[in-house]
Amino acid sequence: AGFAQKSLGTGNAAESKLVHFFPNPASAFINFEFKQPVERGSVIQFYSFLGRKVSSQAINSNRLTINLTDFITGIYIFQVRDASGRLLESNKFQVAK
């Protein structure tokens, strides 16, 4: 029963996520859509799976398209941070070229 409750909770958390991103895996570009307005000064940061920062971009609208030309094939982690640096969301995506 404990496991079922935990699974249910995870499902609810997934529905309330701030960011919807697609396609995944991505090749030439990846889109990020923010389900609610993001605070001014917020940024999205990209890290390789080994933790090296690859890129960072200011979030100026509720939709952002990232060009993946400089990303090699692999798994990446993105972090959305507010103006004070507080982590709002983190997730991973795959680049396949």
Taking every heavy atom of Ser27 against every heavy atom of Lys97, the minimum-distance pair comes out as O-CE, 3.5 Å
- Verify whether the ring centers belonging to Tyr76 and Tyr47 lie closer than 6.0 Å. no
- Message: Please determine whether side-chain contact (heavy atoms from CB on, under 4.5 Å) holds for the pair Glu89 and Lys17, giving the CA-CA distance in whole Å, both sets of side-chain angles, and the decisive distance to 0.1 Å.
- Response: CA-CA 8 Å; Glu89 185 165 331; Lys17 286 203 180 277; 3.3 Å; yes
Between Phe71 and Ser55 the two heavy atoms that sit nearest each other are CZ-CB, 4.2 Å
In short, Ile59 meets Leu64 closest at the heavy-atom pair CG1-CD2, 4.3 Å
What one should report as the nearest heavy-atom pair of Ser48 and Val54 is N-CG2, 3.6 Å
message: Is the distance between the ring centroids of Phe32 and Phe46 under 6.0 Å?
response: yes
- Message: A quick test of your reading: do over 12 heavy atoms of other residues, nucleotides or ligands sit less than 6.0 Å from CD1 of Ile72?
- Response: no
Checklist entry - Does Ile30 belong to the same Ile/Leu/Val/Met/Phe/Trp/Tyr cluster as Leu18, with side-chain heavy atoms less than 4.5 Å apart forming each link? => result yes
Just checking Lys92: does its NZ atom have more than 12 heavy atoms from other residues, nucleotides or ligands closer to it than 6.0 angstrom? no
Exercise. Are Phe34 and Leu88 co-members of a hydrophobic cluster defined by side-chain heavy atoms under 4.5 Å apart?
Worked result: yes
Closest non-hydrogen atoms of Ser56 and Lys53, given as atom of the first, atom of the second and distance, are CB-CE, 4.0 Å
For Asn31 and Thr65, which I'm curious about, is there any donor-acceptor pair between the side chains at under 3.5 Å? yes
All heavy atoms of Phe29 vs all of Leu68, minimum pair found to be C-CD1, 3.7 Å
